[in-house]
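Report on the following structure.
Note on naming: letters A, B, ... go to the chains in the order of the sequence lines (proteins, then strands), and numbering restarts at 1 for each one.
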Amino acid sequence: MGELTAPVLPRSFFDRPVLDVAPQLLGAILVHGDVAVRLTEVEAYDGANDPASHAFRGRTARNAVMFGPPGHAYVYFTYGMHFCVNLVCGEQGRAAAVLLRAGKVVAGVEHARKRRPTGPDRDLARGPARLTKALDVDRALDGADVCDPRSPLRIVEGDRVPSEALRVGPRVGISAAADRPWRWWLDGDPTVSAYRPHTPRRRRP
DNA sequence: TTCGAGATCGGCT
DNA sequence: GCCGATCTCGAAG
């Protein structure tokens, strides 16, 4: 139950280059309502300098939050059925953000199970869309200030992660700049999503 | 265990 | 129209 009341990360934590922030988010805890998830896998996206970023082609209504101040959540809808959540990093206007890819449910497991009745608990937040499902995060939380202790969606301090437990590698599910090693995860953690290289979809006949 | 296709729709070219 | 920062299920190896 301590996860739900732990202190939020300060905004200064996010007001730094995204490549510094991303690996340090591992072990931190995302809280929404009665559910808390300890992050085990993240990816960095660097705004206008990153062809794989939603912000690469400039500001739109959808990605506007990324261009705002750090420490806010960018929630988007994709594949006609999934939500994913990012945390905005770096100087305002750079539009850098960290995609939260996976984690372990450390509080409110019974609520998360209700939303995903089948499968083992370690799969509850294993993958970016599963993570938002476990936490019941959707479009309504786009722009939420995760550094505000009164915010419904917030990021709080977790345990310290030893640097030797960090692993780094290529990002998942993207076609552009797929070679950049901007994905970090906790070595050997069962809640880390399985790596699948990007495969272009074919249209049905 | 690995692979591929279907689901499903908003955003952008 | 086209395609996606995904997930699931079923078929094949």
Side-chain angles (χ1 to χ4, degrees), chain A residues 14 18-19 21-23 25-26 30 37 39-67 72-90 94-105 112-144 146 153 167-185 190-205:
Chain A
F14 292 98
V18 66
L19 297 186
V21 175
L25 273 172
L26 295 175
L30 189 66
V37 168
L39 302 177
T40 59
E41 182 184 1
V42 299
E43 279 178 1
Y45 288 85
D46 195 15
N49 309 300
D50 181 2
S53 170
H54 287 177
F56 184 59
R57 291 166 212 287
R59 177 177 178 147
T60 67
R62 176 170 73 148
N63 66 25
V65 171
M66 294 182 92
F67 289 82
H72 290 251
Y74 164 51
V75 180
Y76 69 91
F77 180 69
T78 191
Y79 288 102
M81 60 193 97
H82 299 307
F83 291 99
C84 296
V85 60
N86 296 249
L87 302 181
V88 179
C89 291
R94 189 185 178 94
V98 177
L99 170 68
L100 309 184
R101 284 199 56 88
K104 176 187 180 177
V105 177
R113 278 198 204 112
K114 251 181 271 174
R115 298 172 195 134
R116 180 177 302 286
T118 61
D121 284 355
R122 64 153 194 281
D123 285 354
L124 286 171
R126 190 182 193 219
R130 290 165 164 178
L131 184 145
T132 58
K133 185 85 170 178
L135 285 162
D136 196 25
V137 166
D138 65 14
R139 208 191 310 279
L141 291 166
D142 187 35
V146 298
L153 180 68
R167 290 297 178 272
V168 65
R171 295 179 289 183
V172 175
I174 56 169
S175 51
D179 54 313
R180 298 188 192 181
W182 286 1
R183 167 179 172 253
W184 290 265
W185 67 93
T191 65
V192 172
S193 70
Y195 175 72
R196 298 184 207 72
H198 173 77
T199 50
R201 286 182 35 193
R202 270 184 310 210
R203 248 192 21 160
R204 60 171 281 183

Open item on the list: So which atom in Ala52(A) and which in Ile174(A) form the shortest heavy-atom distance, rounded to 0.1 Å?
Closed with: CB-CD1, 3.8 Å

- [ ] Have a look at Tyr74(A) and tell me which of Leu99(A), Val65(A), Leu141(A) forms a side chain to side chain contact (heavy atoms under 4.5 Å, CB included) with it.
- [x] Val65(A)

TODO: Run the numbers on Met66(A) and Ser53(A) for side chain to side chain contact (heavy atoms under 4.5 Å, CB included), then give the verdict.
DONE: CA-CA 10 Å; Met66(A) 294 182 92; Ser53(A) 170; 4.0 Å; yes

TODO: Take the protein atom CZ of Phe77(A) and the nucleotide atom P of dC3(C), then report the distance between them rounded to whole Å.
DONE: 19 Å

Open item on the list: Please report the distance, rounded to the nearest Å, between CZ in Phe83(A) and P in dA7(B).
Closed with: 20 Å

Open item on the list: Please give me every residue in residues 125-136 of chain A whose heavy atoms get under 4.0 Å of an atom in DNA chain B, ordered by residue number.
Closed with: none

Open item on the list: With rounding to the nearest 0.5 angstrom, report the NE2 to OG1 distance, His82(A) to Thr132(A).
Closed with: 8.5 Å

Open item on the list: Heavy atoms only, 4.0 Å cut-off, all strands: where does Arg116(A) land among base, sugar-phosphate and nothing?
Closed with: sugar-phosphate

TODO: Establish, with yes or no, whether the OP1 or OP2 oxygen of dT6(C) is under 4.0 angstrom from a side-chain nitrogen or oxygen of Arg101(A).
DONE: yes

Open item on the list: So which atom in Leu26(A) and which in Glu41(A) form the shortest heavy-atom distance, rounded to 0.1 Å?
Closed with: CD2-N, 3.4 Å

Open item on the list: To the closest 0.5 Å, what do you measure between CG (Leu30(A)) and CG (Leu39(A))?
Closed with: 6.0 Å

Open item on the list: Looking at Arg126(A), is its backbone amide N or carbonyl O close enough to the side chain of Arg130(A) to form a donor-acceptor pair, meaning the two atoms are under 3.5 Å apart?
Closed with: yes

Task: Interatomic distance where NE2 belongs to His198(A) and C1' belongs to dA5(B) [whole Å] - done: 15 Å

TODO: Could you state the atom-to-atom distance from CE of Met81(A) to C1' of dA7(B) in whole Å?
DONE: 4 Å

TODO: Rounded off to whole Å, could you give me the CZ-to-P distance for the Arg196(A) and dC9(C) pair?
DONE: 13 Å

Open item on the list: Let's go through Tyr76(A) and Arg62(A) carefully: what are the C-alpha distance in whole Å and the side-chain angles of both, what is the deciding distance for side chain to side chain contact (heavy atoms under 4.5 Å, CB included) to 0.1 Å, and is it a yes or a no?
Closed with: CA-CA 7 Å; Tyr76(A) 69 91; Arg62(A) 176 170 73 148; 4.0 Å; yes

TODO: Answer yes or no: side-chain N or O of Tyr76(A) and base N or O of dA5(C) forming a donor-acceptor pair under 3.5 Å.
DONE: yes

Open item on the list: When you compare the side chain of Arg180(A) with that of Pro51(A), does any pair of heavy atoms fall below 4.5 Å?
Closed with: yes

Task: Identified salt bridge (charged side-chain N to carboxylate O under 4.0 Å, His left out) counterpart of Arg171(A) within the set Asp179(A), Asp50(A), Asp46(A) - done: Asp50(A)

- [ ] Drop me the distance from Asp121(A)'s CG to Thr191(A)'s OG1, to the nearest 0.5 angstrom.
- [x] 11.5 Å

Task: Trp182(A) CH2 to dA5(C) C1', straight-line distance once rounded to whole Å - done: 14 Å

Task: Salt-bridge present (Glu43(A), Arg101(A); N to O < 4.0 Å) - done: yes

- [ ] Could you say whether His82(A) or Asn63(A) is positioned toward the 5' end of DNA chain B, judged by the nucleotide with the nearest heavy atom to each?
- [x] His82(A)

Open item on the list: Whole angstroms only, please: what is the OH-P distance between Tyr79(A) and dA5(B)?
Closed with: 15 Å

Task: Within residues 39-60 of chain A, residues whose heavy atoms come under 4.0 Å of DNA chain B - done: Arg57(A), Thr60(A)

Open item on the list: What stems show up for DNA chain C when you take Watson-Crick pairs (N1-N3 plus N6-O4 or O6-N4) and G-U wobbles (N1-O2, O6-N3), both under 3.5 Å, and require three or more consecutive pairs?
Closed with: B:1-7 with C:6-12, B:9-12 with C:1-4

Open item on the list: When you measure from the side-chain N and O atoms of Arg62(A) to the phosphate of dC9(B), is any distance below 4.0 Å, counting only OP1 and OP2?
Closed with: no

